[in-house]
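All values derive from a computational prediction rather than experimental measurement.
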Amino acid sequence: ELGYRVAEVLFGVDTEGVGRTGEVTGGITIESTTMTAASFEVDVASITSDDGRRDGQFRGRIMETDRFPTASFELSEPVELGVEATEGADTTVEITGDLTMHGVTRPVTFDVTARITGGRLGVLGSIPVVFTDFDIADPSLPAIRVEPDGLIEFVLVLTPA
């Protein structure tokens, strides 16, 4: 699952806009205690929130999903995990890679927490994003103010190939 979280002020009331999708594909390669590759792609148009009007603005003038239907992440340097990929192994590591969103690719660095349970790898994290860094227009409207930054949040469950 992947999505966004942004702070909003709706008619003077502080709130958050949150959207999610399960339309995420990709995978990672682990060799011994090192993640050597990671690549993920998300169908941006499939992201939905609790408000159809917000979703319409998100898909339309904000993310322009007809022009930029996907976003992606590609690991740019290997990551030493510090533990073998074994059942019950926990680790928190810093990841560096290239995030492509709205047709713009930028380097990003962020933390992820991972654990192997039941033979599957769960990965949890978030990536801070400033909208103008990705040529995303100010999402605000006259009665709705949106902060100029937000989070991409994700929970990924990976199974061995």
Side-chain angles (χ1 to χ4, degrees), residues 1-8 16-50 54-55 58-59 62-137 139 146-161:
E1 183 175 76
L2 181 134
Y4 67 84
R5 181 177 304 273
V6 296
E8 299 174 330
E16 285 186 319
V18 178
R20 298 282 183 260
T21 183
E23 297 298 317
V24 181
T25 59
I28 65 172
T29 302
I30 297 175
E31 297 174 10
S32 183
T33 62
T34 303
M35 182 187 333
T36 58
S39 179
F40 294 93
E41 184 173 271
V42 62
D43 175 1
V44 178
S46 70
I47 297 173
T48 58
S49 71
D50 63 347
R54 179 186 293 122
D55 296 343
F58 177 81
R59 288 186 196 105
I62 297 170
M63 294 303 291
E64 301 177 276
T65 59
D66 56 334
R67 291 180 55 207
F68 309 109
T70 62
S72 63
F73 172 80
E74 186 84 30
L75 186 70
S76 61
E77 55 189 63
V79 177
E80 176 56 44
L81 303 173
V83 295
E84 289 281 339
T86 57
E87 187 74 21
D90 283 332
T91 189
T92 298
V93 295
E94 187 175 80
I95 302 287
T96 298
D98 294 319
L99 176 63
T100 300
M101 186 169 61
H102 198 250
V104 176
T105 301
R106 303 214 22 121
V108 294
T109 299
F110 54 97
D111 290 339
V112 298
T113 300
R115 169 183 261 187
I116 296 176
T117 304
R120 298 185 308 171
L121 176 64
V123 180
L124 169 70
S126 62
I127 305 170
V129 173
V130 175
F131 301 136
T132 56
D133 288 350
F134 292 91
D135 293 339
I136 298 171
V146 178
E147 292 299 317
D149 58 348
L151 289 175
I152 296 172
E153 301 174 319
F154 55 91
V155 176
L156 305 172
V157 178
L158 305 160
T159 55

Phe110 vs Phe73, test: ring pair (Phe, Tyr, Trp, His ring centres under 6.0 Å). Steps then yes/no.
CA-CA 12 Å; Phe110 54 97; Phe73 172 80; 5.5 Å; yes
Start with the C-alpha distance between Leu81 and Met35, add both sets of side-chain angles, then the distance that settles side chain to side chain contact (heavy atoms under 4.5 Å, CB included), and finish with yes or no.
CA-CA 7 Å; Leu81 303 173; Met35 182 187 333; 4.2 Å; yes
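Applying the side-chain hydrogen bond (donor to acceptor under 3.5 Å, both in side chains) test to Glu16 and every residue at least two apart in sequence or in another chain returns Arg5. Judged as a side chain to side chain contact (heavy atoms under 4.5 Å, CB included), and not counting sequence neighbours, the contacts of Glu77 are Thr96. In this structure, the ring-ring contact (aromatic ring centres under 6.0 Å, His included) partners of Phe68, at least two apart in sequence or on a different chain, are His102. Here Arg20 pairs with Glu153 under the side-chain hydrogen bond (donor to acceptor under 3.5 Å, both in side chains) rule; sequence neighbours left out. Partners of Thr113 by side chain to side chain contact (heavy atoms under 4.5 Å, CB included), not counting sequence neighbours, listed by chain and number: Thr92. Phe40 meets the ring-ring contact (aromatic ring centres under 6.0 Å, His included) test with no other residue; sequence neighbours excluded. Listed by chain and number, the residues in a side-chain hydrogen bond (donor to acceptor under 3.5 Å, both in side chains) with Ser46 are Thr21 (sequence neighbours excluded). With sequence neighbours left out, the side chain to side chain contact (heavy atoms under 4.5 Å, CB included) criterion links Ser49 to Tyr4, Asp51, Arg54, Asp55. In this view, Glu74 satisfies the salt bridge (Lys or Arg N to Asp or Glu O under 4.0 Å) rule with no residue, not counting sequence neighbours. The side chain to side chain contact (heavy atoms under 4.5 Å, CB included) test applied to Thr105 returns Asp98, Thr100, not counting sequence neighbours. Qualifying salt bridge (Lys or Arg N to Asp or Glu O under 4.0 Å) partners for Glu80, counting only residues two or more places apart in sequence or in other chains: none.
How far OG1 of Thr70 is from CD of Glu23: 12.5 Å, rounded to the nearest 0.5 Å. Note: Phe134 CZ to Met63 CE = 9.0 Å, rounded to the nearest 0.5 Å. With rounding to the nearest 0.5 Å, the separation of OG1 in Thr36 from CD1 in Ile30 is 8.5 Å.
Counting heavy atoms from C-beta outward, Leu99 and Ile152 have side chains that approach closer than 4.5 Å. Side chains of Leu75 and Ile95 form a contact here, defined as non-hydrogen atoms less than 4.5 Å apart. Residues Ile47 and Phe58 have side chains in contact (heavy-atom distance under 4.5 Å, counting atoms from C-beta outward). Here the side chains of Phe131 and Val146 are in contact, with some heavy-atom distance below 4.5 Å.
With Arg59 contributing its side chain and Thr65 its backbone, the two residues share no donor-acceptor pair below 3.5 Å.
Nearest heavy-atom pair across Ser76 and Gly97 is OG-CA, 3.4 Å. Of all the heavy atoms in Ala38 and Ile28, the pair that sits closest is CB-CG2, 3.6 Å.
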Which pairs would a plain distance check flag for residues 115-129, meaning a side-chain donor or acceptor within less than 3.5 Å of a matching protein atom at least two apart in sequence or in another chain?
| residue | atom | partner | partner atom | Å |
| --- | --- | --- | --- | --- |
| Arg115 | NE | Asp90 | OD1 | 2.6 |
| Arg115 | NH2 | Asp90 | OD2 | 2.9 |

